[in-house]
Amino acid sequence: MVQGLEGSGCNKARLLLLRGRALNITSEYRPEAEHALGLAVKLDPRRPDAWNELGHTCWKKGDMDAAKDCFVSALSHEQNKVSLRGLSMVLRQLPAVGESRRNNVQQSVTYAKEAVEMDLNDGVSWYVLGNANFILFFIEGQNPKFLRLALCAYTQAEKVDKRSSQNPDLHLNRAVLLCYEQRYAEALADLERAHVLDPEFPNPLTQKQQLLHFLNHLTQLVTCKGGLIPRRLAAYSSAVQQEESKAKGRGQSRVVPLSGLEPGKNPGCQLIGKVVFYLNAHEELPIVLGLLDSESECVPIAVYNAAPTWAVVLGDSVSVQNPQLTKHDVEHEGKAFKFPCIRVDSPLLLLINGKKQCAQQQAITTATSISKHE
């Protein structure tokens with residue numbers, strides 16, 4: 001019994017908590033649950049479990065300010081991982097922009113870390129930490145540090161708690177990050193797993209189909225070099241050879257075709273090509289330019305963070321400094337996709353027809369949690 005409260009009041013609060021928890025078991029908001037839990041915390045305001053349950057109810061209702069107050073109230077009575085996770089979730093969803101948004105997400109990561117530190121074997125806490133770093137990755141201009149932290153947290157969630165492997169949202173969120181890293185085979189596997197775990201949730205299947213279509217279309221475009229006729233391809237290749245000669249004369253960097261690049265980073269190198277195709281498949285995937293180099297090889301250039309107004313046209317000359325090359329060899333459900341690809345994290349890193357791109361051509365990607373629930 002809590003000191004200062006009548007036994008009947010405590011018992012009634014406990015019963016109301018049990019009723020609210022039972023009503024709260026589904027992912028949908030139930031007003032009856034909020035009513036029961038509201039009465040429970042009035043009768044016994046020192047119960048952190050009742051405050052936490054009410055906080056989750058308010059969160060499902062969409063009242064993030066009320067949910068935050070509930071989790072803060074729970075923590076004022078007892079430090080616990082459930083309240084810390086709840087605050088991490090709520091802070092990421094509070095309406096805010098600019099520096100306020102950044103501060104909220106950074107604090108969200110802090111609370112999630114504290115929850116993990118309270119119980120290193122809690123898969124839910126690791127999952128929430130992964131989601132917090134997922135959002136921070138985009139808030140901080142797609143800093144790869146936070147992408148790696150998010151992926152590590154998701155992996156740890158599965159390692160310490162096998163039930164985490166049954167969470168479709170974990171697989172879906174991780175697939176988004178794996179796509180950004182161009183780890184397409186792993187992304188497809190996660191999307192498939194998410195769909196199997198929750199067939200009624202359309203996002204995983206939709207994203208899987210979009211990714212397969214993207215890979216198939218890209219492979220075809222690379223193979224046929226944009227479908228251009230041989231005479232035009234020969235003219236493009238000859239023009240690139242002339243541009244390479246001029247660039248070599250300036251001696252600013254080592255000018256090489258695709259065959260002169262090694263997988264990974266190629267510092268001090270420059271690739272020049274003519275645009276033979278432009279692929280803008282989906283907003284969650286990069287824009288891909290197909291460049292024809294001086295040896296008539298087609299090189300896809302994956303451009304991230306391009307503004308909606310940014311585009312190139314066939315025949316444009318494109319120069320890529322310090323190209324980062326990946327040779328993809330993806331197999332999925334009997335289909336094979338094999339192609340090289342150079343990653344460019346911003347259109348500002350390209351020279352188009354010898355000119356730098358203006359700052360307005362870059363768009364910093366933002367993200368909100370894509371989970372159905374946490």
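Remember, predicted model here, so these are calculated numbers, not experimental data.
Aromatic ring pairs are classed by plane angle as parallel below 30°, tilted from 30° to 60° and perpendicular above 60°; the pair Y184 and H328 is tilted.
Applying the 6.0 Å contact sphere to NZ of K225 captures more than 12 heavy atoms from other residues, nucleotides or ligands. More than 12 heavy-atom neighbours from other residues, nucleotides or ligands sit within 6.0 angstrom of CD on Q79.
Remark: E78 does not engage R46 in a salt bridge, criterion side-chain N to carboxylate O under 4.0 Å. Contact check on D345 versus R343 returns a salt bridge, with a Lys/Arg side-chain nitrogen under 4.0 Å from an Asp/Glu carboxylate oxygen.
Inspection of the E243 and S317 side chains reveals an N or O donor paired with an N or O acceptor under 3.5 Å. Residues S319 and Q270 have side chains that bring a donor and an acceptor to within less than 3.5 angstrom of each other. Between N305 and S346, the side chains place no donor N or O within less than 3.5 Å of an acceptor N or O (distance only, hydrogens not considered).
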- Given the rule in the side chain to side chain contact (heavy atoms under 4.5 Å, CB included) test, do L233 and V276 qualify, once you have shown the distances and angles that lead to the verdict? CA-CA 8 Å; L233 292 172; V276 295; 4.2 Å; yes

- Item | Test side chain to side chain contact (heavy atoms under 4.5 Å, CB included) applied to D49 and R21, step by step | CA-CA 10 Å; D49 50 355; R21 185 173 286 159; 3.8 Å; yes

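L349 places none of its side-chain heavy atoms less than 4.5 Å from the side chain of N322.
For the side-chain hydrogen bond (donor to acceptor under 3.5 Å, both in side chains) test with E158, the passing option among R163, Q166, R174 is R174; the others fail.
Cation-pi geometry between R85 and F71 is not met: the NZ or CZ atom fails to fall both under 6.0 Å from the ring centre and inside 45° of the normal.
L170 and V196 end up in different hydrophobic clusters when Ile, Leu, Val, Met, Phe, Trp and Tyr side chains are linked at under 4.5 Å.
No close placement of the H171 and Y154 rings is indicated, their centers lying 6.0 Å or farther apart.
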